[in-house]
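Below is one structure, written out as structure tokens, with a few remarks after it.
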Protein chains: 2
Amino acid sequence: MTLQTESLLDSIQAAETLEAFQTATEDLRDALAVKHVVYHWVNSIGERFGAGTYSSDWVDRYLEKDYLRLDPVIFGCFQRFTPVNWKQLDWSSKGAKAMFLDALDYGLGNQGYTIPIRGPNGQFALFTLNADMDDDKWDAFIDKHGRELVLLGHEFNRKALEFEQGKETVAAPTLSPREQAAMTAMAKGYSRAQAAADLGISEHTLRVYIEAARHKLGALNTTHAVARALSSGLIIV
Amino acid sequence: MTLQTESLLDSIQAAETLEAFQTATEDLRDALAVKHVVYHWVNSIGERFGAGTYSSDWVDRYLEKDYLRLDPVIFGCFQRFTPVNWKQLDWSSKGAKAMFLDALDYGLGNQGYTIPIRGPNGQFALFTLNADMDDDKWDAFIDKHGRELVLLGHEFNRKALEFEQGKETVAAPTLSPREQAAMTAMAKGYSRAQAAADLGISEHTLRVYIEAARHKLGALNTTHAVARALSSGLIIV
DNA sequence: GCCAGCCTCGCTATTTTTGGGGAGGGTATA
DNA sequence: TATACCCTCCCCAAAAATAGCGAGGCTGGC
């Protein structure tokens, strides 16, 4: 790891504001001499958070044309665990080709490398480098920096999660052991009768736990409670 | 990054057999002069895969006593994105304390550092270092190697996924858009009537989606289906 | 053209879950 | 020694989910 990478990691870690976060992507772009560096995160509700050096024109264009749905990069990253080199993806579909040409028009380079990053609760983020060079140079570049990029991507993600969590500060409730067990049994698909038998208690007692958990979790029904318990990491199936 | 780390990464990457994978954990243990190095993976269906230097006695003990359910390390990693230093966890519960002492009896060191790793389809893996040293030394150790450990953990995970995919893993079912929407609505705690109204369809139609998703997911009831969809990463709430 | 898969809607009846109301004993913490 | 929280059990009535039987139209691939 070069000293440069170390100091970039430190500067990301030290970022206290979104501006500093944004600056870090720009610094990284300059340090690596690439065209673009982008960190980007989307959840199911459509909330997004991101920073990077793409022009706002391109971002708008991307959203307007709903490229998210046909972008081979997104698709590839969803399926893989490992980083994706754009040129190894399948760009054969008509929509994908059009998108690629469009991207070049909007100032993107022809080469790209995107690292998928996953976090708790199904969080999914992308860390992308984009540059303009021929294949050989690009391969050498990736070969040289690939591992450090993984670290940088994770550091961006860690910081992004920090910003997001700072917004909400929802105190996660705690479940008593029996409540946990009850929720776990529900998550396993047991009926109340089965679950009660499994725990060696009466069905009525089991119900009390489920209701307690429901209330603690602020859930509307059992399914909701299980969903919340799961995505808060309170239970593991 | 030290040359040593580079060569370890390369040796993991080069591993062709489970034996080589196992050897890599042992090499890493020796290189870092720690007591244990463990890579461990569990998916939503409960399939397991792991390699490491824990004694089989301890692994058996862990499973037998169902420590998975009360291990603060597991709990901490599920909730966090970042690595966890064992000593910063909450070991105050009786069960956790007993487990910790038990672990020492079985040859584990008093310090630990575990990196959570997440992949596609809700895959969740842990990469753990365990050692016997005082707090100051351990902190210095983590400070020095933390970032490289993230890389090593990911490399182990990449390799593990390779092995798993080689043996034809259980194909994760795919949900149609409407089925996804129905599952998401259920996970949000909507009643069928509410969910149907939300999707602008009849309650009966909604039911068809829910049942289809249940069958695809091999679930016993709606709660079970939602739990599976969530932990497979098919839906995000 | 056919088949598979998706999307949409209807009916009836049974089983299960939920929402209220209770009660008593235990343990731990303040 | 209170107070809080956890564990356990019970009844009743209403709401919701499940199981089974149907139907037709649409798309996209072989």
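Quick note on labels: first sequence line is chain A, next is B, and so on, each numbered from 1.
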### Message
At less than 4.0 Å, is any side-chain N or O atom of R214(B) found next to OP1 or OP2 of dT18(D)? Yes or no.
### Response
yes
### Query
How about H154(B) and F81(A): are their ring centres within less than 6.0 Å of each other?
yes
### Message
Need to verify one output field. Residue with the more 5' nearest nucleotide on DNA chain C, L199(B) or N221(B)?
### Response
L199(B)
### Query
Expressed in angstrom and rounded to an integer, what is the separation of I201(B) atom CD1 from dG10(C) atom P?
11 Å
### Query
In whole angstroms, how far is the P atom of dG5(C) from the CD atom of Q180(B)?
18 Å
### Task
Check whether any side-chain nitrogen or oxygen of S176(B) sits under 4.0 Å from OP1 or OP2 of dG5(C), and answer yes or no.
no
### Protein-nucleotide distance (L206(B), atom CG; dC9(C), atom P), rounded to Å
10 Å
#### Entry: Separation of dG20(C) P from E211(A) CD (nearest whole Å)
9 Å
### Aromatic plane relationship, W41(B) with F49(B) - under 30° parallel, 30 to 60° tilted, over 60° perpendicular
perpendicular
### Query
Taking for each residue the nucleotide of DNA chain C with the nearest heavy atom, is it S202(B) or Y190(A) whose nucleotide lies nearer the 5' end?
S202(B)
### Task
Calculate the interatomic distance between R178(A) atom CZ and dG26(C) atom C1'; express it in whole Å.
14 Å
### Task
Round to a whole Å and report the spacing from NE2 of H204(B) to C1' of dT12(C).
12 Å
### Query
According to a strict under-4.0 Å criterion, is T205(A) in side-chain N/O contact with OP1 or OP2 of dC9(D)?
yes
### Task
For dT8(D), take OP1 and OP2 only and decide whether either is under 4.0 Å from a side-chain N or O of Y209(A).
yes
### Task
For the pair R207(A) and E203(A), find out whether any cationic side-chain nitrogen is under 4.0 Å from an anionic carboxylate oxygen.
no
### Message
Both K216(A) and R207(A) contact DNA chain D. Taking the nearest nucleotide for each, which residue is further toward the 5' end?
### Response
K216(A)
### Task
Check the angle between the aromatic planes of Y67(B) and Y62(B) and answer parallel, tilted or perpendicular using the 30° and 60° thresholds.
perpendicular
### Query
When the distance from CD1 of I210(B) to P of dA19(D) is rounded to whole Å, what number comes out?
12 Å
## Note on the structure
Here the distance between atom P of dT18(C) and atom CZ of R192(A), to the nearest Å, is 5 Å
### Message
Can you see if the side chain of S191(B) gets near the phosphate of dA17(D) - specifically, an N or O under 4.0 Å from OP1 or OP2?
### Response
no
### Message
Using 30° and 60° as the class boundaries, would you call the ring planes of H36(B) and Y54(B) parallel, tilted or perpendicular?
### Response
perpendicular
